[in-house]
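Input: a single structure, listed below in C-alpha cells.
Only heavy atoms go into these numbers, but all of them, side chains included; no hydrogens, no water, no symmetry mates.
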Amino acid sequence: MSEISKTYEPQAVESKWYQYWLDKKFFAGDARSPKPAYAIVIPPPNITGVLHMGHVLNAAMQDILARKARMDGKEVLWLPGTDHASIATHLVLERELKKTERLTRHDLGREKFIERAWGWKEKHGSIIIQQLKKLGCSCDWTRERFTMDPEYSRCVSKVFVDLFNKGFIYRGKRMVNWCPATLTALSDEEVDMEPQKGFLYYFKVEVAEQPGTFLTIATTRPETIPGDTAIAVNPKDPRYAAFIGQHAIRPLPSELPREKKLIPIIADEHVDFEFGTGVLKVTPAHDKADFEVGQRHNLPAVEIMTPSAMMNDLAGADMSGLDRFAARKVAVEKLRELGSLVKEEPYENKVGFSQRARVPIEPRLSEQWFLKYPSAEQARRCVASGEMKFHPDRWAKVYDHWMGNIQDWCISRQLWWGHRIPVWRRKVTSEDGGLKMEQGEDGRGNSLAGAHSTSSVYVGVDPPPDPEAWEQDPDVLDTWFSSWLWPFATMGWTGDKGIDSKNETLKKFYPTTDLVTAPEIIFFWVARMIMAGYEYMGEMPFRNVYFTGIVRDKLGQKMSKTLGNSPDPLDLIAKYGADAVRFGTMRSAPLGQDVLFDEKDVELGRNFCNKLWNACRFRQMQGGEAQGEIDPGRLRSDEKWILLKLDRAISEVTDSLAAYKFSEAGQTLYRFFWSEFCDWYLEASKPVLQGRSRQGPEADAGQPKDPMPPPAGAAEEEQRTNTLAVMDFVLSHTLRLLHPVLPFITEELWHGMGYEHDMPENQGGQTIQFAPWPKPLDQDFKGFYGLDDCYIEIVDAKYELVTQGRNLRREANIPFNKKVKFIFKPVGAVPPNDVDVLKVLLNAETLEITLDYQPKKGTPTAHSELGELFMPLEGLIDLDAEKARLAKELEKAALEITKVEQKLNNPAFVGKVPTTVLQEHQKRLSDWQAKQTYLQKALEGLGEK
RNA sequence: GCGCGCUUAGCUCAGUGGUAGAGCAUUUCCCUCACACGGAAGGGGUCGCAGGUUCAAAUCCUGCAGCGCGCACCA
C-alpha cells in the first residue's frame, strides 16, 4: 500500500480478492475439520430470477453470519444452490414461447418443452449465482446444488414413495384451487385473497310446493346458478323453517323444463342468516364451502365450467362457451328477463387469485394427490417450546397458528417442468378411455420396502420392471415438495431415514445453525422444512430462523419487476462497490422491520468505506512498523480512552450480531469508527504524530514539572511510536469487526497495512476472514495498560471542553481556520499532552494556562469540569447580539433550574430514588446554577462597557 | 371477523421507567498537510389520541384512531 489514492476504488480490489479467496478455497466447508460446525443453507433462488434487493439483503445477512462464524473459529459451510421453480419457470417459458414462436407448450410437446426448460436453466440458472459472487458471498461453490439434480430428484421420489407407503400421501377427488390460466391445481398458499369490486345480486326462486311463494337469494356469482343443486337455510332461522324439505325452482338454465330445475331446500348450520337474505344457493362443484355442504347432504355436484373456466353445455345455451365473467353478465340479463332479479347492489368481497398467474382461481372438483403433513406435532412443538428460535420471535406465533390449522397439501401440478410423480398405472383401455386408479386397494402403511405395487398401480422410485405396460402419472410435484428437503438433500442424503453414518457432511453440518429467509415463505418453505427435517432426519433442520424484512422502495411499495422500482444491485455495486451496498443494506435493516431502500444508504456505505480507507492511509503516511508493542507507561489519556471505547464497541457489536440485530451492529461500528476513532482519537493524535507538540513556554505552566524529563527528541520519538502502536492495535481490531460486513476493503487494508504479518498462517496470516474475532479486553489487559473506566469520563470532559471552545468561536463568528488565542484556567493539573491536544483541536494560536486569570467582563467563556476556557476578544463584536444571546441562555438556565429544583424538593422523589439518580440531579442543578451565575456576570459585563 | 406489526425531528428509523437519539435533509463557517465520498458548530420533537399505574412514562396497563400485514367457507 505504498502509493494509495485519495479515494477508495472498489472495482479492482473486489475482483482481485474474490478470485484470491476462491483460489485458496477459503469458502470450503470441510466435513472432517475438528472445528465446531456452523452451517447455513441458502434459500435457493429461482432459476428464473435475477438478483434483486431482496436477495441482496438476504445474502448479505447470511454472509455476515458466515464470515463472523469463520472468525469465531467455526468450520463454516454456506451451501448454495438454485430452485427449479416449477410453476414460475413454466410461466416464463410459456410466455416466451408464445411471444417468439406463437406456440403453446402443447404444440411443442412435453419432451421438447422440458428440453427447453433445461436449456433455460443452463443459460439463466447461473446468472444469479454470478451476481451473488459479485456481492462477495462466501458460499462453498463446490457444493452448489439444484433441486432437479439427479441425486436430489431421487430423494424427492423416495420421499414421495415413503410418504405414500406410510399413508400420508393419497389421491382423491376434492375441491382444489384451480388456476384457469395455467390449468393446474394450486396449494392454498399459492392463492392470494384480494378485494374485488363487484355486485351482490339478489334473485328470487319459487318454492315448488307453494306456487307464488318466492325465496330471495343473494349471490356474487349468478353464472353458477345452473350448477346449484340445493338451496340452504339455517335450521335455526325462523323465517325459513317452513320451507325446509321443500323444493325450489332454479331459474337457470331457462330452457330446461321445470322438473329438471327442482332443487331441495335444505338446512345447514353453515348458513349465516345475517348475510344477504339468509338464503344460500349451493353450488357444490364450484365453491369450497358449498362442496362441503354438498357432502353433508349428499348433493350432486354439477360441473358447469371447463378447466379454463369457460361455461360448458350444462350451463345452458345462453352461457355455454362463454368465459365466466362474460357469463355472469349474461346470467344477470337472463334473470332480469325472467323477472327473477330483485336488485343488485355494489359489493366488495375478497377473491382468491392465483399468485403466479394473477387471475382469479376457480374452485374446482379435481382428482389430485394430497399430503397429510408428517411430523407436524413435533414441528409445532419445537418452535413453541423455544427449542428452535425465530427472530424476531413474533413469527413463532404466526407459525404456531398455521401449524394448528393446517389442511392437507395438494402436491400435484398439471405441469411438465418439475419432479414427475413416481406413480405408474397399468395401461388399460377402460370404457371412458381414461386411466383409473384402483380404489380401495392402494392400502396404507404396507410393509413393502420401496416400491408399492398392486395389479394396477405402481409407486416406486424407479420405473416399474416392465415399463411398456405402465403409464406414468403425467403430473409433477409442487416445487415446495422438493424445497422442503433442501437442508439435507443438498448434503448428500440418499433417502434413508436418519443420518447415514458414512455421510460426513450430514454428520458434521446437520442440523444447520441459522436459516435466513423472508417471512413470506414461512408456510411455503420454513414450516415444511421443519416437518421434513423431523420426519427424515429425526431432528430439526436449523436451530435459528432469522426473518428479514421485505425490501420496499422509498414510498413503501414492495419492490417488483413490474413496478420497475427495484434498482439493479449490479448497477449499485458497479457504482458504489459491493461493500457499500452491503453496509447500506445492513444498516437500514432493523430486526424484523421492512426495509425502505434508498440509494442514499448505499452512498453512506460508500462514504464509510472511503473514510476507512483514508484513516488507514493516514496511518500509513506516518510510517513506522505496523503493530509495535504498546508501552503502558507512555499511554496518553486519549489512548486509554480509545482502547476503552474499542472494548465497548467489541462487546456491543458482538452482542448485536448474536441477537441478529444487524442494523444495531452497523450503527455501533459507524459510531465507533467515525465519531470516536476518526473525529476524536485520530485528531487527538496529531499533536504527537505531526510534531505539533512543541509548545511555547506556556505549555507546562500551572503544573508540576516532570522530575526527570527525557531528552526531547528521543522522548518525542518514543511517544510517537507508541501512539502508532495503539493506532495499529485499534485499526487491526476495527478491520476485523468490520470484515463480516465489508469483506473486500477490510481484506485489502488488512494486507495493505501489513497486519497479516503478525498472524499465524491459518488465523489471519493469509486472509482476514480467519483472523480471530476481537474479544472484549480482559481484566489483565486492562490492568496492565492502566485502562480504568474513569478515563472515559476524564477524556470525554476534555473533548467536551473542546466542543465548548469551538462553540465560543462560532458564537463570536470567528472562522475555524483562523488561529485564536485561548486562555485556560484549569481546576487541577493539566498533563502536557492535554495542553497539546486542546491546542490542536481548538486550532488555537496559543493556549495559555493561567491559574489566576481575571477575564475582562464579557469575555466569552466556556465552563467545564476541567476548568474555564476564555477566548479574549480583541476585535469588535456585536454587543447587542451578544446581549440577546446571553439573555436567551439565561432564560433557559432558569427554566432548567426550576425543573430540577421541583424534583429535588419533592419528598417522594428524594425518598424513593436511588442515590445515584439523586446525585445526578444535584450535579445537574449545580451545573446549571454555575452557568446561570456566569451568564449573569457576562451580561453585567457587557452592560458596563 | 380474529390475530400481528407500526405510529418518536422535514424523511427513514433507534430508543422497554430516571436530563429525548442516529443517519439523511437543513442553517452557518471552513478546500487546516487522511478524507469536500471531508471537517466544525447549530437549528429542529407537547414521542398518534384519551385515560390509568408510578415520586417519575416515549417506555408499563386500558381504550380509541390511522396505516400496513397475515389468517378466515360470509355466499
* Check whether the side chain of A:H270 and the base of B:C73 form a donor-acceptor pair under 3.5 Å. => yes
* Asked: What is the base-pairing partner of B:A40, counting Watson-Crick and G-U wobble geometry with both distances under 3.5 Å?
  -> B:U28
* Complement of B:C74, any strand, by Watson-Crick or G-U distances under 3.5 angstrom -> none
* Asked: With a non-hydrogen cut-off below 4.0 angstrom, is A:N405 in contact with a base, only sugar-phosphate, or nothing?
  -> nothing
* **Base partner of B:C33, which must satisfy Watson-Crick or wobble distances under 3.5 Å** => none
* **Salt bridge A:E223-A:R221, side-chain N to carboxylate O under 4.0 Å** => yes
* Out of B:C35, B:A72, B:A75, which nucleotide sits closest to the side chain of A:N610? -> B:C35
* Name the orientation class of the two ring planes belonging to A:F199 and A:Y201 (parallel below 30°, tilted from 30 to 60°, perpendicular beyond 60°). => tilted
* Asked: When the distance from CG of A:L841 to P of B:C30 is rounded to whole Å, what number comes out?
  -> 21 Å
* Asked: When you compare B:A34 with B:A58, how far apart are their P atoms, in angstrom units rounded to a whole number?
  -> 46 Å
* **Sugar-phosphate only, base, or nothing, as touched by A:C678 at under 4.0 Å among non-hydrogen atoms** => base
* Asked: From the list B:C35, B:C24, B:C55, which nucleotide is the closest neighbour of the side chain of A:K611?
  -> B:C35
* Does the pair A:E190 and A:S187 meet the rule for a side chain to side chain donor-acceptor pair (under 3.5 Å), with working shown? -> CA-CA 5 Å; A:E190 287 166 293; A:S187 66; 3.0 Å; yes
* Structure fact -> Of the listed B:C73, B:A41, B:G18, the closest approach to the A:R810 side chain comes from B:A41
* **Minimum-distance nucleotide (side-chain atoms of A:R394 versus B:C4, B:A75, B:C73)** => B:C4
* Could you check how far CZ of A:F608 sits from P of B:C24, rounded to whole Å? => 12 Å
* Does a side-chain N or O from A:T803 land closer than 4.0 Å to OP1 or OP2 of B:A41, or not? -> yes
* Asked: Given B:A75, is OP1 or OP2 found less than 4.0 Å from the side-chain N or O atoms of A:Y347?
  -> yes
* Looking at every strand, decide which applies to A:K903 at a 4.0 Å heavy-atom threshold: base, sugar-phosphate, or nothing. => nothing
* Would you mind reading off the distance between A:E800 atom CD and B:A40 atom P, rounded to a whole angstrom? => 14 Å
* Asked: Under 4.0 Å between a side-chain N/O of A:K288 and OP1 or OP2 of B:A75, yes or no?
  -> no
* Sidechain N-carboxylate O distance under 4.0 Å for A:R239, A:D237 -> yes
* Asked: Given B:G42, is OP1 or OP2 found less than 4.0 Å from the side-chain N or O atoms of A:N807?
  -> yes
* Rounded distance in Å between the C1' positions of B:G52 and B:U59 -> 15 Å
* Structure fact -> Separation of B:G38 atom C1' from A:L682 atom CG, nearest Å, is 13 Å
* Asked: Of all the choices, B:C4, B:A75, B:C24, which nucleotide is nearest to the side chain of A:L280 once you look at every atom?
  -> B:A75
* Asked: If you measure from the P atom in B:G42 to the same atom in B:C49, how many Å do you get, rounded?
  -> 30 Å
* To do: Take the protein atom CZ of A:F275 and the nucleotide atom P of B:A75, then report the distance between them rounded to whole Å.
  => 5 Å
* **Gap in Å between the two P atoms, one belonging to B:C11 and one to B:C4, rounded** => 29 Å
* Could you work out the separation of B:G23 and B:U62 based on their P atoms and round it to a whole Å? => 35 Å
* To do: List the steps and the verdict of ring pair (Phe, Tyr, Trp, His ring centres under 6.0 Å) for A:F291 and A:H286.
  => CA-CA 7 Å; A:F291 177 72; A:H286 295 285; over 10 Å; no
* **Sugar-phosphate, base or nothing in reach of A:L604, heavy atoms under 4.0 Å** => sugar-phosphate
* Asked: According to the Watson-Crick and G-U wobble definitions, with both distances under 3.5 Å, which nucleotide is paired to B:G23?
  -> B:C11
* To do: Using atom CD of A:E664 as one end and atom C1' of B:G21 as the other, report the distance to the nearest whole Å.
  => 13 Å
* P-based separation of B:U12 from B:G48 [nearest Å] -> 15 Å
* Base-pairing mate for B:C4 - Watson-Crick or G-U, with both contacts under 3.5 Å -> B:G68
* Any side-chain N or O of A:K6 under 4.0 Å from OP1/OP2 of B:C35? -> yes
* salt_bridge(A:K798, A:E800) N-O dist < 4.0 Å -> no
* Give a yes or no on whether a donor-acceptor pair under 3.5 Å exists between the nucleobase atoms of B:A34, that is its base, and the side chain of A:E683. => yes
* Using purine N1 to pyrimidine N3 plus N6-O4 or O6-N4 for Watson-Crick, or N1-O2 and O6-N3 for G-U wobble, each under 3.5 Å, what pairs with B:G17? -> none
* **Short N-O contact, A:K686 and A:D836, less than 4.0 angstrom** => no
* **Span that lies between the P atom of B:A57 and that of B:G3, in whole angstrom** => 30 Å
* Name the closest nucleotide to the A:N607 side chain, picking from B:A75, B:A34, B:C37. => B:C37
* Asked: Which value, in whole Å, describes the distance between the P atoms of nucleotides B:G21 and B:G43?
  -> 12 Å
* Quick one: A:W674 CH2 to B:A34 P, roughly how many Å, whole number? -> 16 Å
* If you draw a 6.0 Å radius around CD in A:Q922, do more than 12 non-hydrogen atoms from other residues or ligands fall strictly inside? -> yes
* Aromatic plane relationship, A:W395 with A:F547 - under 30° parallel, 30 to 60° tilted, over 60° perpendicular -> tilted
* To do: Measure from the side chain of A:Y670, starting at C-beta and using heavy atoms only, and say which of B:C55, B:G23, B:C73 lies closest.
  => B:G23
* **B:A58 pairs with, by Watson-Crick or G-U criteria that keep both distances under 3.5 Å** => none
* To do: Between A:D290 and A:R806, just flag the one whose closest nucleotide in RNA chain B comes earlier from the 5' side.
  => A:R806
* Determine which nucleotide pairs with B:G63, using a 3.5 Å limit on both distances of a Watson-Crick or G-U wobble pair. => B:C49
* **Atom-to-atom span, CG of A:D679 to C1' of B:C35 - whole angstrom** => 11 Å
* To do: State whether A:K686 places a side-chain N or O below 4.0 Å from either non-bridging phosphate oxygen (OP1 or OP2) of B:A34.
  => yes
* Starting at the 5' end of RNA chain B and moving along, which residue's nearest nucleotide shows up first, A:N614 or A:D601? -> A:D601
